[in-house]
Amino acid sequence: MRSPFPRPSEAERRLAVQVLLHGPITRAELAERLDRSAASITRLAKPLVASGVLIECEPVIHGRARPQVPLDVDPDRAHVLGVNVATRLVTCTLTDLRGNPIESRRFETGSTSPREVVDAVTAALPTTVRVDAIGIGLGGNTSDARTVERAHLLGWHDVRLADLVEEHTGIPAIIGNDVECLTFGESWFGAARDRSDFNVVTVGSGIGFCAVRSGTLVRGRDAGRVLGTLKLTDVDGTTLPGAQFLENLALVDLFQQAGGRPGVGAGQILRLDGAGDPAAVQACTTRARRLGVLVATAAAFTLPTVTLVAGEGAATAQRHREAMLTGMASVRPHGLDLPQVVVLEHDRNRWSRGAAVLGIRALLGLEDDSPTTLHDEPMLRREG
């Protein structure tokens, strides 16, 4: 067994994460961020430097003050393969320890069978660098980070995906919900990296939601699973469950109600919207307005500093932003500022990088709060 890192203590993990996210950073800056004494930071950093988790940079001199030796991480110390599983599409992104993409590959699968997903992951493994962990995100739920208990769009129930991947690759694997993975990626290395309180809303074949508070993802058994049945009301008085209000099938219905021809799917409607097709524009404008209703409704209860909007349906919010703002205003008291929104361009590589961040978190010991074997049989170790 060879380990890229030893198992750190809780305090050491917090220190390592701060260096990962903000390094190079001095011990004095770390003391301020972690509300600890300089002596405590020096004590915590010593074993991390000795083991290679952290590295010391060239001293920095400010005026006549004592030279400061910033701490950093070596991004090439570990590599993680992030995998996003969608319906008949597997996207894999290899990253370094800092989430920097090295290479990405996409595999169209003939079915949604777990075996085809495992085959795609195996084919994506690089031959030039060692992969220390595999993080997998998909539209489903898991309570142990190893078994997909339910993934409706994939037709999966109780699939031990982590075991299957490990059996075929020999590399430790961890699985998570795809929206949570996206949230981790944006929190650490993306659009919300300087935010400690934000929401993520995703729209596509389903509706996803995550909330981060004080830098921590708010997790719960029912997270995101009730949005499909939660009733929402549009500006025109239409009241529907979330699934019929916003998801891709709802967009198809809106398109046909606007006079669009039958048999056109959600993806094609989005393309027609970009081309100025009247029925598509009308349908996507309505969807953007309804998305605004959902964003503002969630913000009313969770009070984020910003909401990230992502997924296939994010394009409607980008093209019809005024409609989205109208929907947001419909659930806000007159005169109250609208919540800040950042729309992310839909890119499956962004989602797979988020899955890689799940793997990075596991390497650092941050995903050991569930009954997994990540640290009883540490994910940091594998045959070498």
Side-chain angles (χ1 to χ4, degrees), residues 80-95 104-125 133-169 171-186 200-210 217 219-225 227-228 243 247-248 310-313 346-362 367 370 372 374:
V80 177
L81 184 69
V83 180
N84 175 257
V85 181
T87 305
R88 299 179 185 273
L89 179 66
V90 178
T91 307
C92 303
T93 297
L94 178 70
T95 78
S104 294
R105 297 181 65 184
R106 295 187 182 188
F107 301 86
E108 293 186 2
T109 58
S111 71
T112 59
S113 75
R115 181 53 191 264
E116 288 215 44
V117 172
V118 173
D119 288 345
V121 172
T122 304
L125 291 173
I134 299 173
I136 305 171
L138 48 80
N141 61 293
T142 176
S143 59
D144 63 0
R146 301 193 62 79
T147 302
V148 182
E149 293 162 0
R150 180 177 179 272
H152 173 69
L153 295 176
L154 297 174
W156 292 4
H157 295 276
D158 297 324
V159 175
R160 296 191 59 79
L161 185 61
D163 288 347
L164 291 172
V165 169
E166 290 176 356
E167 288 169 6
H168 284 79
T169 66
I171 301 170
I174 181 172
I175 62 175
N177 175 267
D178 55 357
V179 180
E180 289 190 1
C181 290
L182 176 70
T183 302
F184 284 140
E186 297 307 311
V200 174
V201 173
T202 64
V203 179
S205 299
I207 305 172
F209 175 79
C210 280
L217 177 68
R219 277 174 158 162
R221 187 187 62 173
D222 299 325
R225 296 176 65 185
L227 292 178
E247 292 178 1
N248 282 348
E312 302 158 84
H346 183 54
D347 182 355
R348 282 290 168 191
N349 292 336
R350 183 190 294 270
W351 292 69
S352 57
R353 187 184 72 160
V357 173
L358 178 69
I360 294 170
R361 288 172 56 86
E367 290 299 313
S370 58
T372 71
L374 292 182

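Count residues from 1 along the sequence.
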Closest approach of [X] to [Y] (non-hydrogen atoms, all atoms of both residues):
X	Y	result
Val80	Ala356	CG1-O, 3.5 Å
Pro172	Glu166	CA-OE2, 3.5 Å
Phe184	Leu358	CE1-CD1, 3.9 Å
Ser205	Glu312	N-OE2, 3.7 Å
Cys181	Ile136	SG-O, 4.4 Å
Phe107	Ala124	CE1-CB, 3.7 Å

Say you draw a straight line from [atom1] of [X] to [atom2] of [Y]; how long is it, rounded to the nearest 0.5 Å?
X	Y	atom1	atom2	value
Ile174	Ile360	CD1	CD1	12.0 Å
Arg348	Ser104	CZ	OG	13.5 Å
Asn349	Thr95	CG	OG1	12.0 Å
His168	Arg115	NE2	CZ	3.5 Å
Leu125	Thr169	CG	OG1	6.0 Å
Leu164	Ile175	CG	CD1	10.0 Å

Under a 3.5 Å distance rule, please check whether [X] uses its side chain to pair with a backbone N or O of [Y] as donor and acceptor.
X	Y	result
Thr147	Asp158	no
Arg350	Ala310	no
Thr109	Thr112	no
Arg88	Gly110	yes

Given the rule in the side chain to side chain contact (heavy atoms under 4.5 Å, CB included) test, do Glu108 and Glu116 qualify, once you have shown the distances and angles that lead to the verdict? CA-CA 9 Å; Glu108 293 186 2; Glu116 288 215 44; over 6 Å; no
Heavy-atom check, side chain of Val118 versus side chain of Leu161, under 4.5 Å: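 Contact flag for Val118/Leu161 side chains = yes.
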Does any part of the side chain of Val148, heavy atoms only, come nearer than 4.5 Å to the side chain of Thr142, both counted from C-beta?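 No; the side chains remain at least 4.5 Å from each other.
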Are Ser143 and Asn141 linked by a side-chain donor-acceptor pair shorter than 3.5 Å?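 Ser143 vs Asn141: no donor-acceptor pair found between side chains.
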Consider only side-chain N and O atoms of Ser352 and Thr93, and report whether a donor and an acceptor are under 3.5 Å apart.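 Present: a donor and an acceptor within the cut-off.
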How far apart are the C-alpha atoms of Val83 and Val90, what are their side-chain angles, what is the distance that settles it, and do they pass the side chain to side chain contact (heavy atoms under 4.5 Å, CB included) test? CA-CA 7 Å; Val83 180; Val90 178; 3.6 Å; yes
